[in-house]
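Counting starts at 1 for both ligands and their atoms, in listed order.
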Amino acid sequence: MSKMRLTPMIEAAVFAALAVILDLLPSIRLSPAISISFAMVPVFIVAFRWGLRAGLISGFLWGLLQVVLGDIYFLTPLQFAIEYFVAFTFVGFAGLLYRPIQTSLKNGNRKQLLMWAILGVIAGSLARYFWHFVAGFIFWGEYAPEGQSAVMYSLIANGTTVLGAIAFCSIVIALLAGSLPRLLKTNQAAWTADNRKAS
Ligand code: 218
């Protein structure tokens with residue numbers, strides 16, 4: 001636990017809960033398999049503020065909360081594990097862009113900030129939906145229309161969803177980065193306070 005600072009962990013949990021709430025808002029549901037929302041945004045914020053580890057934990061907690069709330073599609077234990085634990089955790093891979101985002105914030109370079117943040121949105125979204133795609137062709141293939149292979153069905157359904165999610169989340173993150181860049185910045189005061197406590 002020594003490397004787990006308290007502030008990012010609290011934010012990871014609070015923002016995971018926020019993701020659950022955003023997921024309750026009406027989303028664009030094109031079909032049962034295609035539903036586009038910006039619920040990933042809170043996890044992206046955690047990943048950009050604190051990095052990969054906090055992002056992965058926040059994504060994991062979001063999946064766990066959905067399971068606890070019973071808001072899930074359960075076909076088999078493996079499908080359930082892939083789609084609710086692995087996939088949601090992978091949203092945190094947006095945190096791979098933590099360093100360039102923090103550097104852009106420090107330099108006050110808005111254009112670069114926007115570019116790295118959108119790249120983060122793309123990374124986290126693709127990392128998550130890769131798993132929904134895999135689960136899609138292994139477990140959801142029977143829902144494919146006549147004459148369409150399971151792989152093609154999953155690629156179209158999850159590909160459409162992820163492109164929509166990337167567009168939605170990029171717009172929200174761009175608005176936030178433009179109007180409230182401080183929101184994406186590591187909270188240095190809390191960081192040093194936690195480190196002082198730990199030493
Ligand atoms: C083709 C297909 N249909 C449905 C699913 C299930 N799925 C897709 C995306 C996201 C989620 C998690 C809840 O939002 C689920 C269960 C799939 N993977 N593939």
Are the side chains of Y98 and I101 in contact, using a 4.5 Å heavy-atom criterion?
no
Within the structure provided, determine whether P42 and L22 are in side-chain contact (heavy-atom separation under 4.5 Å).
yes
Within the supplied structure, the quantity of interest is the number of heavy atoms (other residues, nucleotides, ligands) at a distance under 6.0 Å from M115 CE; does it exceed 12?
yes
Crowded around Y73 OH? As in, over 12 foreign heavy atoms under 6.0 Å?
no
With ring centroids as reference points, do F133 and Y129 lie under 6.0 angstrom apart?
no
I'd like the atom pairs linking ligand 1 to the protein - N or O on both sides, separation under 3.5 Å - with distances to 0.1 Å.
| residue | atom | partner | partner atom | Å |
| --- | --- | --- | --- | --- |
| ligand 1 | 7 (N) | E83 | OE1 | 3.2 |
| ligand 1 | 18 (N) | E83 | OE1 | 2.6 |
| ligand 1 | 18 (N) | H132 | O | 2.8 |
| ligand 1 | 19 (N) | N158 | ND2 | 3.2 |

Counterpart residues, side-chain contact (heavy atoms from CB on, under 4.5 Å), relative to V86 (two or more places apart)
F90, W131
